[in-house]
Amino acid sequence: MAAAKAANCIMEVSRGQAESSEKPNAEDMTSKDYYFDSYAHFGTHEEMLKDEVRTLTYRNSMFHNRHLFKDKVVLDVGSGTGILCMFAAKAGPARSLGSSVPVSLIMR
């Protein structure tokens, strides 16, 4: 696992390999396949980060409620870009952790 530390945010990214990197045939794909596959694309994350209303709402909700974060441990599961983990770290918890797993490992 690789870890990156920014301020008080620790981000873990698993580098595990799936048994097969092949996508299922379109007729064999389920809604779960389509959902998780959408997060495997850079453009999805870019679009979310560029959505200022969404991103600033998350940030402001944490910054304006610092009392809820004080001395707590925050765990952001499926953190993707890690932006929420970093916002949480700035809100003042004892520790902010982000964990992201490659979609191919979840799909097993």
Which heavy-atom pair separates [X] from [Y] by the least distance, and what is that distance?
X	Y	result
A89	P93	O-CD, 3.6 Å
A91	F63	N-CE1, 4.4 Å
K90	R66	O-NH1, 2.7 Å

Separation of [Y] [atom2] from [X] [atom1] (nearest 0.5 Å):
X	Y	atom1	atom2	result
T57	M62	OG1	CE	11.0 Å
E46	T81	CD	OG1	11.5 Å
M86	S79	CE	OG	9.0 Å
F87	S96	CZ	OG	11.5 Å
S99	D76	OG	CG	8.5 Å

Using side-chain contact (heavy atoms from CB on, under 4.5 Å) as the criterion, point out the one residue from L56, T55, L49 that pairs with E52. L56

Taking atom NZ of K70 as the centre, does the number of heavy atoms from other residues, nucleotides or ligands within less than 6.0 Å exceed 12? no

Other residues, nucleotides, ligands: >12 heavy atoms within 6.0 Å of E47 CD: no

Intermediate values then yes/no, side chain to side chain contact (heavy atoms under 4.5 Å, CB included), L97 and V73: CA-CA 8 Å; L97 304 165; V73 175; 4.2 Å; yes

Before you tell me yes or no, could you show the steps for Y58 and I83 under side chain to side chain contact (heavy atoms under 4.5 Å, CB included), namely the whole-Å CA-CA distance, both residues' side-chain angles and the distance that decides it to 0.1 Å? CA-CA 10 Å; Y58 280 124; I83 191 77; over 6 Å; no

Answer yes or no: is there a side-chain heavy-atom contact under 4.5 Å between N65 and H67? yes

